[in-house]
2 protein chains.
Amino acid sequence: MSDRAAKGSPTLEDVAREAGVSRATVSRVINGIRNVDPEIQQVVRQAIADTGYIPNRAARTLVTRRAGDVALVVSGAGEEGAGAGLPGDPFFGRIAGGVVGYLRPRGMYPVLMLADSDEARRQVVGHLRQGHADGALLVSTHAADPLPRQLAAAGLPAVLFARPARPAPVSFVDLAHQDGARLAADHLVARGCHRVGTVTGPLDVLASQDRLTGFRDAMARHGHPYVPAAEGNFTLDSGEAAMHRLLAEEPALDGVFVANDLMAQGALHALRETGRDVPGDVAVVGFDDSSAALACRPALTTVRQPIEEMAAEMTRLLLDLIETPGRRPTSVIFEPSLVVRQSA
Amino acid sequence: MSDRAAKGSPTLEDVAREAGVSRATVSRVINGIRNVDPEIQQVVRQAIADTGYIPNRAARTLVTRRAGDVALVVSGAGEEGAGAGLPGDPFFGRIAGGVVGYLRPRGMYPVLMLADSDEARRQVVGHLRQGHADGALLVSTHAADPLPRQLAAAGLPAVLFARPARPAPVSFVDLAHQDGARLAADHLVARGCHRVGTVTGPLDVLASQDRLTGFRDAMARHGHPYVPAAEGNFTLDSGEAAMHRLLAEEPALDGVFVANDLMAQGALHALRETGRDVPGDVAVVGFDDSSAALACRPALTTVRQPIEEMAAEMTRLLLDLIETPGRRPTSVIFEPSLVVRQSA
DNA sequence: AAGGAGCGGGAGAGCGCTTTCCGGTTGTGT
DNA sequence: ACACAACCGGAAAGCGCTCTCCCGCTCCTT
């Protein structure tokens, strides 16, 4: 122990010598591959403990060609467009939480990468190919993100959060946005709202489109063929502005579905400014069940996305893909649920 | 090209053959170490381009004993205590943003690790020692986090975000919390507030203590020997409750300093509920300049922490430490600034 | 009783890279 | 001119691990 303390951490070789067996045997014990005499196993384990041996990841990766962790790529964050992306986006934290929650019990960790420019995307692909990670979890904030294709072209396993705008043979998880919108519509109608509008997200985002069409379809089924809509871009300010526009078009509005909670918070401000009571005069339903929903007064009734579970599933799919490279792309769609609070 | 396409990605050997030089020379060109004849360099670069060579990270790590990335460890997130930790904490996103911003130009990425239990902490230390990362950036949400010491004991380079509760020979970055509190006090006094109180963060957190004492000291210098305080735990609800308590003690309050924006948002709710106008009746100053500050109506006047810069500096310190192992611990303290909006 | 299947263990060949050591060439000082 | 240094490129030794062979043993089969 004293002699090898000088030469850095112990290696397999050291353990083997200590246990009086070969490197191969120690490796087998560690990796639980093939049968090894229980007695020898015991000796080896003792030797491992005695030497304080810790396997060297790089050496293992070199021969197995497995890095043993995955990349969590946030694409298109800082570029022009909606939310601030990574910073301040509570979404990101929840996704990361779900990913880490699934990975950790398996002794893996995500490598965080941002791809907010073409240059950055190139770098990300390059690093993945260097073996930094075995695959990528991709969260695109942009509709036309080229990264999914680039990853596919490089033959790198990848799973997306949200269906890609341009169809591609890639696995993904997503939410049944239309069903969520329907939940909101049903709730507003059940409350007795007659003049209902909606504040949408940026319409170049699929999720926004789905929420809008889902909402309109559901309202149509309830006998409301026309639903006024104002487009926002998922930020609080844009929600406030959109709400004002909606009120200008339909001053007698008594119910509104807002495509995310942050904009709903802005809508609440607009409603208060114009002297309307929520939920007395106007009922408001948000989307996401983010922390913003609880920060609102009145607290927001909202459509919940099970982000953490979705992130965990996304991770599961990726590990599957890494495990079985030939596997065909899969998609898993989650069902949203309505969380009723004070605003509607 | 055709023959080696079959056997996976090209290696140094392939490039060397293509360029008609030895592996060593190619390696030297790639790493820019020692002088290599410019002409040969050109040939090698061409060969690299032709073969589409990408260096294998594991092999490089194995011999250089450098992983080439760092861990971003969030410690004590899910455990009992204040904020939800990672999920939903906008802080985390901003820190991550600052870290990635500094790392990316250097071709590095952070590995995200959560340490929310003793078991998890053990795992984190283990993985770092396996060579997963060369050092750790540690964000502790808990006062008495054992991780800094464990890392130090394992001889792993580490830099903390925020001064550790128990003094330790570790580098860290922090904010001059007292100065921030003074900024708030000066502003409130300048506005003509006479009856001023404060909502503090959890007092087992150093930052909370500093903000409180800083605020009290500054108010004392302005001739206000006593400042009523109510303790919150950095959540919106706790801020609202604390504000109510403060109002009970001092109904004629005309100014309040709240130790973070989220609680300030709650305080705003309490003030509105009790029929007080902000800033007319009561001026409110928050802390952090987080996204919550902008979500408030009126928008929050707040003390800004340059989180991104702090995170970048933290990263710089860590890379320094990795570069020069013997280096002594350093600390860098950032100065806050006041962002004046509508609430005060 | 003899042949073969099955199993547990060791030897050793790499995985792809960096880096020391060496030899040959060219430049420099006296 | 000659010794010496500086410089550049190649050969080769690993870094620590996995995994394929291979060998010797036991045990079952016929």
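Below, chains carry the letters A, B, ... as their sequence lines are ordered, and counting in each starts from 1.
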Problem set entry | Heavy-atom pair with the smallest gap, counting every atom of B:D69 and B:H132 | OD1-O, 3.3 Å
Exercise. What does A:R23 touch in the nucleic acid at a heavy-atom separation under 4.0 angstrom: a base, only the sugar-phosphate, or nothing?
Worked result: base
Exercise. B:N31 side chain N/O closer than 4.0 Å to the phosphate oxygens (OP1, OP2) of C:dT18?
Worked result: yes
Problem set entry | Interatomic distance, A:L62 CG vs C:dG16 C1' [rounded to whole Å] | 6 Å
Exercise. Is the side chain of B:D174 donor-acceptor paired with the backbone N or O of B:R163 at a distance under 3.5 Å, no angle test?
Worked result: yes
Problem set entry | Atom-pair distance (CG on B:D37; C1' on D:dG10), nearest Å | 15 Å
Problem set entry | Value in whole Å for how far the P atom of C:dG10 lies from CZ of A:R17 | 15 Å
For this session: Output yes when at least one side-chain N/O atom of B:T11 is less than 4.0 Å from OP1 or OP2 of C:dG16, else no.
Result: no
Exercise. How many Å lie between CG on A:D14 and C1' on D:dC17, as a whole number?
Worked result: 13 Å
For this session: Using a heavy-atom cut-off of under 4.0 Å over every strand shown, decide if A:R28 touches base, sugar-phosphate, or nothing.
Result: base
Problem set entry | Sugar-phosphate only, base, or nothing, as touched by A:T25 at under 4.0 Å among non-hydrogen atoms | sugar-phosphate
For this session: Select from B:A59 and A:R60 the residue whose nearest nucleotide in DNA chain D is closer to the 5' end of that strand.
Result: B:A59
Problem set entry | Distance in angstrom units between A:I54 CD1 and D:dG16 P, rounded | 14 Å
Exercise. If you take all heavy atoms of A:L72 and A:P110, which pair is closest and at what distance?
Worked result: CB-CB, 4.2 Å
Exercise. Does A:S27 place a side-chain N or O at less than 4.0 Å from the phosphate oxygens OP1/OP2 of D:dT18?
Worked result: yes
For this session: Give the rounded distance in Å between these two atoms: CD1 of B:I33 and C1' of D:dC8.
Result: 14 Å
For this session: Verify the contact: side-chain N or O of B:R65 to OP1 or OP2 of D:dG16, cut-off strictly under 4.0 Å; return yes or no.
Result: yes
Exercise. Closer than 4.0 Å, any side-chain N/O of A:N35 to the OP1 or OP2 of C:dG8?
Worked result: yes
For this session: Looking at every strand, decide which applies to B:I40 at a 4.0 Å heavy-atom threshold: base, sugar-phosphate, or nothing.
Result: sugar-phosphate
Problem set entry | d(CD, A:E13; P, D:dG16) in whole Å | 10 Å
Seminar exercise, completed: Side-chain contact check for A:V63: nearest option of C:dG14, C:dA11, D:dC8 is C:dG14
Exercise. With under 30° as parallel and over 60° as perpendicular, where do the rings of A:Y109 and B:H127 fit, or are they tilted in between?
Worked result: perpendicular
For this session: Would you mind reading off the distance between B:Q130 atom CD and D:dC15 atom P, rounded to a whole angstrom?
Result: 19 Å
Exercise. Is A:R65 paired with A:D134 through a side-chain N to carboxylate O contact shorter than 4.0 Å?
Worked result: no
